[in-house]
Protein chains: 2
Amino acid sequence: MGTPDHGDIVVGLNAVIVTVTNEEPRVLIVQEPDAPSGDVLPFGLFDPIKDRTLEEGLRSWVVQQTDLEVGYVEQLYTFGNSGRDPRERNSGQRFISVGYLALVRDAATATRGTWRSWYEYFPWEDWREGRPGILDAEILPALGSWVEDTPDAYLRAVREERLALAFGVESGAWTEDHVLDRFELLYEAGIVSEAVRDARNDDVTAPGLTPGKPMGFDHRRILATGMGRLRGKIQYRPVIFELMPAEFTLFQLQCAAEGLAGLRLHKQNFRRLVERGGLVEETGRMEASRPGRPAKLFRFRRNVLRERPTPAVTLPRGG
Amino acid sequence: MGTPDHGDIVVGLNAVIVTVTNEEPRVLIVQEPDAPSGDVLPFGLFDPIKDRTLEEGLRSWVVQQTDLEVGYVEQLYTFGNSGRDPRERNSGQRFISVGYLALVRDAATATRGTWRSWYEYFPWEDWREGRPGILDAEILPALGSWVEDTPDAYLRAVREERLALAFGVESGAWTEDHVLDRFELLYEAGIVSEAVRDARNDDVTAPGLTPGKPMGFDHRRILATGMGRLRGKIQYRPVIFELMPAEFTLFQLQCAAEGLAGLRLHKQNFRRLVERGGLVEETGRMEASRPGRPAKLFRFRRNVLRERPTPAVTLPRGG
DNA sequence: TTAGTTATACTCATATTGAGCATTTAAATA
DNA sequence: TATTTAAATGCTCAATATGAGTATAACTAA
């Protein structure tokens with residue numbers, strides 16, 4: 001990497017590794033002793049000599065660090081903002097962070113790190129038990145006055161529109177995949193503690209309100225990107241099956257979809273869509289007995305990929 | 001940047017700058033004297049000292065190089081494959097290229113570069129005059145035998161599935177936004193001349209078949225990414241209006257959508273969707289007279305953003 | 001005045017979606 | 001063994017959206 005003189009670029013690879021256990025979407029978190037403020041995602045540096053591609057680099061140190069064999073991997077976004085990574089301050093290096101989303105079926109195999117529900121970091125994203133109270137109690141008032149207090153009229157209008165779009169203020173429609181838009185508003189408004197941490201000058205006033213658990217570096221932003229991408233993608237690609245065991249009941253599938261989307265779905269309509277869409281086929285086996293009528297076990301019909309242009313689970317809302 | 005010793009990382013920012021003129025989607029191409037093989041996109045290096053963010057860096061040298069004020073900008077993808085950028089071979093540096101999509105309304109203001117139809121580089125992507133002949137005459141046979149000739153059975157199955165998905169071989173469905181998937185297949189199969197150029201060892205046999213105009217570096221891949229992203233995005237965000245003048249007829253809007261998607265659309269249904277979706281409003285003015293009934297002029301209804309979760313033009317196929 | 005050309009309005013069968021009620025099959029309990 | 005309870009599964013029905021037209025209106029050019 002050479003001596004770190006001013007102007008050196010360091011490429012960090014960050015992984016949002018997702019699994020679903022007990023109907024709860026979880027991300028792999030590693031404990032970094034020197035993490036300045038909060039949990040961090042697994043990350044490593046891109047080695048320009050050894051790694052042939054970014055994704056290869058990512059895969060190699062994920063295996064090395066966690067012993068996880070990740071299957072599905074997808075690039076998320078490349079962030080290069082100065083000031084959002086505290087490591088830059090002392091080293092004179094410039095951190096570019098490339099985020100990746102990885103999906104694993106079997107959480108058990110990770111030898112390092114812990115799996116945490118992603119809603120610990122984003123409590124306002126979980127609508128499964130109804131509209132989260134924190135939205136109307138804290139977040140929207142704070143964002144509202146942030147918009148109100150914007151001096152410049154044009155900028156105020158822009159922010160107002162962003163707020164309306166991201167949180168469905170005027171339309172009443174919550175779009176579950178706009179996770180990043182919502183987080184960026186909270187960050188810019190100084191309502192998450194990372195914003196306070198990163199503020200060098202005092203243009204950010206800490207409002208004593210920091211919903212959700214903070215993360216180190218810009219990792220909560222990367223997690224938001226991954227959540228949004230995954231929530232969007234399950235609606236047009238069958239990625240959800242990357243998170244399911246080989247055999248599953250339709251209700252387990254629905255719970256996984258609900259967990260990821262943070263919504264309750266209409267059970268009968270969900271079944272209809274999945275079955276009629278040709279996404280699954282019966283295995284002939286039944287679920288081990290529990291109270292109630294036993295459920296048939298299904299498997300993913302891989303052939304659906306060749307048959308339909310958009311083979312995915314759409315999300316019929318409503319409990 | 002320091003002396004280029006082995007292991008240095010250089011971040012290149014590449015812009016797919018798109019406009020629509022005469023119903024044709026065009027990209028800004030610059031003439032590089034040292035471009036090894038073909039046209040290139042505008043690109044510049046990220047300056048880790050001056051540029052606060054990647055996007056800011058991009059905007060600054062786009063203005064500097066072309067005098068274009070780009071409005072809408074969106075990051076596409078970060079490529080880091082070694083071997084796909086010929087500059088790496090001599091310099092000992094590692095090139096990471098971050099692609100961006102930028103949309104401009106008024107092509108006239110560019111002071112450098114030329115606007116070229118993106119279908120010059122991707123002739124198989126233009127279905128407006130029906131299914132392109134090159135597909136059945138050249139591309140699909142070549143891809144077919146590439147798959148057939150794959151020795152490893154598992155890899156062959158994977159490739160077969162990718163081919164089926166990307167080109168709609170089995171489903172018969174052409175998904176217009178899978179531009180990158182299709183290009184990557186052509187590249188891996190050695191059917192585009194960039195693949196032949198990049199091949200160090202002889203695992204790629206030049207088949208004497210190189211559809212579409214090649215580009216320098218990995219720029220055709222970046223363009224493919226931009227085309228696919230834009231084609232996908234017009235269906236759920238009103239980005240198409242970033243490419244339209246302030247006032248336009250519904251037919252002009254349709255032609256723009258058709259040009260971008262590379263499809264013919266059903267006129268009456270297109271109107272219905274756009275009008276009922278609340279995307280536009282009448283200005284009261286009419287188009288300057290041409291043969292036929294004069295058309296009403298419309299403008300984008302910006303307020304639709306606050307009202308609807310997915311304000312966009314869906315694409316009703318069929319001429 | 002008429003033909004040509006394009007915009008716009010309207011229709012209609014079919015598919016998809018949202019919402020709910022009804023039935024089946026098991027375990028748990030009396 | 002009969003009854004209750006908890007699911008899974010099956011079915012209906014209205015509302016809406018979509019695909020594919022036909023019909024009419026408003027202009028220009030000859």
Practice prompt. Report the nucleotide, chosen from dT9(D), dC27(D), dT5(C), that has the shortest atom-to-atom distance to any side-chain atom of Pro294(B).
Written response: dC27(D)
Worksheet item: To the nearest angstrom, how far is Leu273(A) atom CG from dA15(C) atom C1'?
Response: 13 Å
Discussion item. Quick test of your reading of the model: are Arg162(A) and Glu184(A) salt-bridged, counting only N-O distances below 4.0 Å?
Written reply: no
Worksheet, complete the sentence: 5'-most contact on DNA chain C (nearest-nucleotide basis), Arg276(A) vs Gly292(A), goes to Arg276(A)
Worksheet item: Rounded to whole angstrom units, what separation is found between the CZ atom of Phe298(B) and the C1' atom of dA7(C)?
Response: 10 Å
Practice prompt. Using atom NZ of Lys296(A) as one end and atom P of dT24(C) as the other, report the distance to the nearest whole Å.
Written response: 14 Å
Worksheet item: How would you list all residue pairs meeting ring-ring contact (aromatic ring centres under 6.0 Å, His included) that involve residues 271-317 of chain B, not counting sequence neighbours?
Response: Phe241(B)-Phe300(B)
Discussion item. With nearest nucleotide decided by heavy atoms, which residue, Leu297(A) or Arg290(B), maps closer to the 5′ end of DNA chain D?
Written reply: Leu297(A)
Item to complete: Examine the side chains of Gln235(A) and Glu176(A) and answer whether a donor and an acceptor come within less than 3.5 Å of each other.
Response: yes
Fill in: Arg308(B): partners by salt bridge (Lys or Arg N to Asp or Glu O under 4.0 Å), with sequence neighbours left out
none
Fill in: Arg271(B) CZ - dA7(C) C1' separation (whole Å)
6 Å
Discussion item. Distance to the ring centre below 6.0 angstrom and angle to the axis at most 45 degrees; does that hold for Arg131(A) and Trp124(A)?
Written reply: no
Discussion item. Taking the nucleotide of DNA chain D with the nearest heavy atom to each, does Met286(B) or Phe251(A) sit closer to the 5' end?
Written reply: Phe251(A)
Worksheet item: With sugar-phosphate meaning primed atoms plus P, OP1 and OP2, does Leu250(A) contact a base, only sugar-phosphate, or nothing at under 4.0 Å between heavy atoms?
Response: nothing
Practice prompt. To the nearest Å, give me how far apart CG (Leu265(B)) and P (dG21(D)) are.
Written response: 15 Å
Pairs: protein N or O with nucleotides 19-23 of chain C N or O, under 3.5 Å:
| residue | atom | partner | partner atom | Å |
| --- | --- | --- | --- | --- |
| dA19(C) | N7 | Asn269(A) | OD1 | 3.4 |
| dA19(C) | N7 | Asn269(A) | ND2 | 3.0 |
| dA19(C) | N6 | Asn269(A) | OD1 | 3.3 |
| dG20(C) | N7 | His266(A) | NE2 | 3.2 |
| dC21(C) | N4 | Gln268(A) | NE2 | 2.3 |

Practice prompt. May I have the distance from Glu275(B) (atom CD) to dA9(C) (atom C1'), rounded to whole angstrom?
Written response: 10 Å
Worksheet item: Can Arg306(B) and Ser171(A) be counted as having a side-chain donor-acceptor contact under 3.5 angstrom?
Response: no
Worksheet item: Just how far, in rounded Å, is C1' of dT8(C) from CZ of Phe270(B)?
Response: 15 Å
Discussion item. Rounded to whole Å, how long is the line connecting atom CD of Glu287(A) with atom C1' of dA27(C)?
Written reply: 13 Å
Fill in: Donor-acceptor pair between Glu24(A) and Ser117(A) side chains, under 3.5 angstrom
yes
